[in-house]
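Okay, so here's the structure we're looking at.
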There are 2 protein chains.
Amino acid sequence: MLKKPESKPEMLYAGIQMTRPLLRTISNRVEADLEGTDLTVGQRAVLEATLALEQATAPQLTDFLQLKRQFVAKVLKELLDKEQVAQVSNPRHKRSVFYCLTPSGKALIKKVRKAEMKRIEEFAKVFSEEEVETYYRMQCVLNDALSKRS
Amino acid sequence: MLKKPESKPEMLYAGIQMTRPLLRTISNRVEADLEGTDLTVGQRAVLEATLALEQATAPQLTDFLQLKRQFVAKVLKELLDKEQVAQVSNPRHKRSVFYCLTPSGKALIKKVRKAEMKRIEEFAKVFSEEEVETYYRMQCVLNDALSKRS
DNA sequence: GTTTTATTGTCAATAAAATTGACAAATATC
DNA sequence: GATATTTGTCAATTTTATTGACAATAAAAC
C-alpha cells in the first residue's frame, strides 16, 4: 500500500510523519489503562513528567511537556485536589514552588505504567537491543533538537 | 535530568512514551508551515493520507489515520469544498466513492511537505543510514501492531 | 432469494485538550 | 532603582475529536 521512501531524509521524514497516527493508536490503547483510574490524559502526562523529573516547578513541567503554562497549571491544580501531587517550597522562588508525587500519586502512575509495560514487553521481544537503543536515542535527539531554537 | 532506562522493554517504553511530547514539538514546528495555507491539522492529515494511499475510500482513510469516520468525513467535505480532493466513482460501492488529490491539492500538500523536508534534512545528516532505517521500520511496526487486535 | 447483520454516509450534540487574553505578583536584568 | 521578564491565576475561546442517531447500501447467513 505504502511505498518505502527512497532517500535517507525521506525515510526520516516518513518516520516522523508517522508520529501522529502512532500517537493516535497509542492513545486509543492507553485509554483502556486509564479507565477506572479517574485520570485524564493531561493528568496522566503531568504525573508521568513529575515521576520522570522527580521534582519540578510548573515552568519545568511546561518545558518538558511542551504545553502552555496555563494548561499545566490547571492540571496541577486538579492533581493537587486529588492529592496525587504535593507542593514543596522552593527556596529560590516564593511563588513558583516544586511539585512532587505523593505516595498515592506515585502508586497510581506506577500502576498505569506497569499495565502498559506488560504490553510493550511483547514488542520489545520483536526488536534487538541495538534497534531499541537506536529508537530510544533518536526519539530523545529529535525531541530535544526540535524543541530548541528555530 | 532523565536517567536512561535500564532494560530493553523499559527503553522501548520510554521511547514510545516520548511520542506525545515529540508530537507536540513537531506540531509546534509544523504550525508555521501550515500558516498561510489555510489548512487545519485535520485537513493536512487527510491530504497526507490521500497522497500516501494515492486513492482511497473514506473508510480506508479512517483506518490509516486511526480517526473516527465522522471526523474524516467532515474533513473530506471541507477539502471537497476547497477542491483539494475529488471523488472518483467506485465500481464496487455505490455510496462509498474513492477520493484522490486534485492538482491543486497535490501541489499544496507537496509544498507543505517540501518546507518540512528541508528542516528534516538537517537531522538526517546527524544519523546514519542504518539508524534512520531502524527508526522508520520500528515506527511502522509499532503503528501497525498497535492498531491491530487486542 | 430473502432475511439478517455489518458497513457507510450524514446530521447534530457533546466532550476533551489545548490555546489565547488579561492582569497582578515575583523575579531577573539593566 | 527602573524596566523587562517570568510566573500564577481566572476566564473565554478554539481546535480536535468523539459519540449518538438514523437511513442507505452492501455483505453474510440462511
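Below, read A as the first sequence line, B as the second, and so on, with proteins coming before strands; counting in each chain starts at 1. Values below: all heavy atoms of this structure, side chains included; hydrogens, waters and symmetry mates excluded.
Backbone-only contact: B/R24 has heavy atoms under 4.0 Å from sugar-phosphate atoms and none from a base.
Here B/E131 pairs with A/R137 in a salt bridge; the nearest charged N to carboxylate O distance falls below 4.0 Å. Using a cutoff of 4.0 Å between basic side-chain nitrogens and carboxylate oxygens, B/E78 and B/K74 are scored as salt-bridged. Residues A/K125 and A/E121 are not paired through a salt bridge, judged by the lack of any N-O separation under 4.0 Å between the basic side chain and the carboxylate.
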Identify each atom pair where a protein N or O and an N or O of nucleotides 5-7 of chain D are less than 3.5 Å apart, giving names and distance.
| residue | atom | partner | partner atom | Å |
| --- | --- | --- | --- | --- |
| D/dT7 | O3' | A/S96 | OG | 3.2 |
| D/dT7 | O2 | A/R95 | NH1 | 3.1 |

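Partner of A/L108 under the side-chain contact (heavy atoms from CB on, under 4.5 Å) criterion, chosen from A/L101, A/T102, A/L47, A/D38: A/L47.
Shortest non-hydrogen contact noted between B/F98 and B/P91 is CE1-CD, 4.4 Å. A pairwise comparison of heavy atoms in B/F64 and A/P21 identifies O-CB, 4.1 Å as the closest pair.
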Do A/L12 and A/M138 pass the side chain to side chain contact (heavy atoms under 4.5 Å, CB included) test, and can you show the C-alpha distance, the side-chain angles, and the key distance before you say yes or no? CA-CA 10 Å; A/L12 180 56; A/M138 284 189 67; 3.7 Å; yes
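With a heavy-atom cut-off of 4.0 Å to chain A, the contacted part of DNA chain C has its first and last nucleotide at C/dA17 to C/dT27.
A/Q87 and A/Y99 are linked by a side-chain donor-acceptor pair at a separation below 3.5 angstrom, with hydrogens and angles left out of the test.
Using modelled atom types, one side-chain atom of B/E10 and one backbone atom of B/E6 make a donor-acceptor pair closer than 3.5 Å. Judged by distance alone, with hydrogens and angles left aside, the side-chain atoms of A/E83 form no donor-acceptor pair with the main-chain N or O of A/L80 at under 3.5 Å.
Listed by residue number, A/Q70, A/K77 are the residues of residues 70-85 of chain A with a heavy-atom contact under 4.0 Å to DNA chain D.
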